[in-house]
Amino acid sequence: MQGYVTGAPKRLLQLEGLAVLVVTAWLYSRFGSGWGAFALFFLAPDLAMLGYLGGRKVGAALYNIGHSYLLPLGLLAFGVYANHSLALSAGLIWAAHIGFDRMLGYGLKYVAGFGFTHLSQKGVKA
């Protein structure tokens, strides 16, 4: 199953992930709730992988919800609008995690299986 980006476009998407990670970490250093909280919650979005206990379709859907920028951007907007530091910190950590994943080549999941993503096929034998 092809269906993932390769070559220069993939490298560009990985550089975008790096940029998101760097910018959100820098913003967190200025507006966040301390590096202990960052370290504690950085991998929290990966709890969405538990959705795979309900099968590939549920797993992919939950993983993709947890690894899309939409929800963290909503948290960030709320945090800025309401001057809510916890929402701002959570949004920055969440976005940093997604940027980190994208930088490493982990993408949004296809229903075909956990290793099938829009950026690569991880751990999948052809």
Side-chain angles (χ1 to χ4, degrees):
M1 171 185 166
Q2 182 69 22
Y4 56 91
V5 66
T6 61
K10 179 179 178 178
R11 288 189 295 279
L12 182 59
L13 290 171
Q14 289 178 289
L15 284 172
E16 286 178 352
L18 174 62
V20 169
L21 174 62
V22 168
V23 168
T24 54
W26 176 75
L27 288 169
Y28 191 85
S29 74
R30 301 199 64 221
F31 306 108
S33 300
W35 290 108
F38 189 93
L40 183 64
F41 293 110
F42 184 73
L43 295 177
D46 283 338
L47 290 173
M49 285 188 279
L50 293 174
Y52 280 94
L53 295 173
R56 292 183 305 187
K57 189 173 185 179
V58 172
L62 289 178
Y63 186 91
N64 290 344
I65 289 168
H67 287 81
S68 165
Y69 286 114
L70 294 175
L71 293 176
L73 285 174
L75 265 177
L76 288 169
F78 172 74
V80 170
Y81 176 76
N83 196 24
H84 196 280
S85 63
L86 186 58
L88 187 60
S89 292
L92 288 169
I93 294 169
W94 197 349
H97 172 88
I98 297 169
F100 180 73
D101 274 6
R102 296 288 199 284
M103 177 190 73
L104 295 178
Y106 293 100
L108 298 174
K109 307 296 185 193
Y110 289 109
V111 177
F114 184 79
F116 294 93
T117 79
H118 82 286
L119 291 177
S120 66
Q121 288 184 4
K122 300 284 186 183
V124 176
K125 295 185 186 211

* Structure fact -> Rounding to 0.5 Å, atoms CG (Leu62) and CG (Leu47) come to a distance of 11.5 Å

* Structure fact -> Here the gap from Tyr63 atom OH to Asp46 atom CG, rounded to the nearest 0.5 Å, amounts to 5.5 Å

* Just by distance, do the side chain of Tyr28 and the backbone of Ser33 share a donor-acceptor pair under 3.5 Å? -> yes

* **Residue list, side chain to side chain donor-acceptor pair (under 3.5 Å) with Ser120, at least two apart or on another chain** => none

* Spell out, as yes or no, whether a donor-acceptor pair under 3.5 Å connects the side chain of Asn64 to the backbone of Leu108. => no

* **Main-chain N/O of Ile98 paired with His67 side-chain donor or acceptor, under 3.5 Å** => no

* Row check, Tyr110 ring normal vs Arg56 NZ/CZ: under 6.0 Å, within 45° -> no

* Asked: Residues two or more places apart in sequence or in another chain: which of them pass ring pair (Phe, Tyr, Trp, His ring centres under 6.0 Å) with Phe31?
  -> none

* Asked: Is it true that the NZ or CZ of Lys109 lies under 6.0 Å from the centre of Phe116's six-membered ring and within 45 degrees of the ring axis?
  -> no

* To do: Taking Ser89 for its side chain and Ser85 for its backbone only, find out whether a donor-acceptor pair lies under 3.5 Å.
  => yes

* Got a second to check how far Arg11's CZ is from Thr6's OG1, nearest 0.5 Å? -> 9.0 Å

* Set of residues satisfying side chain to side chain contact (heavy atoms under 4.5 Å, CB included) with respect to Leu86, sequence neighbours excluded -> His84

* Asked: Is it true that a side-chain atom of Lys10 and a backbone atom of Val5 form a donor plus acceptor pair closer than 3.5 Å?
  -> no

* May I ask you to decide if Tyr69's main-chain N or O and Trp94's side chain share a donor-acceptor pair within less than 3.5 Å? => no

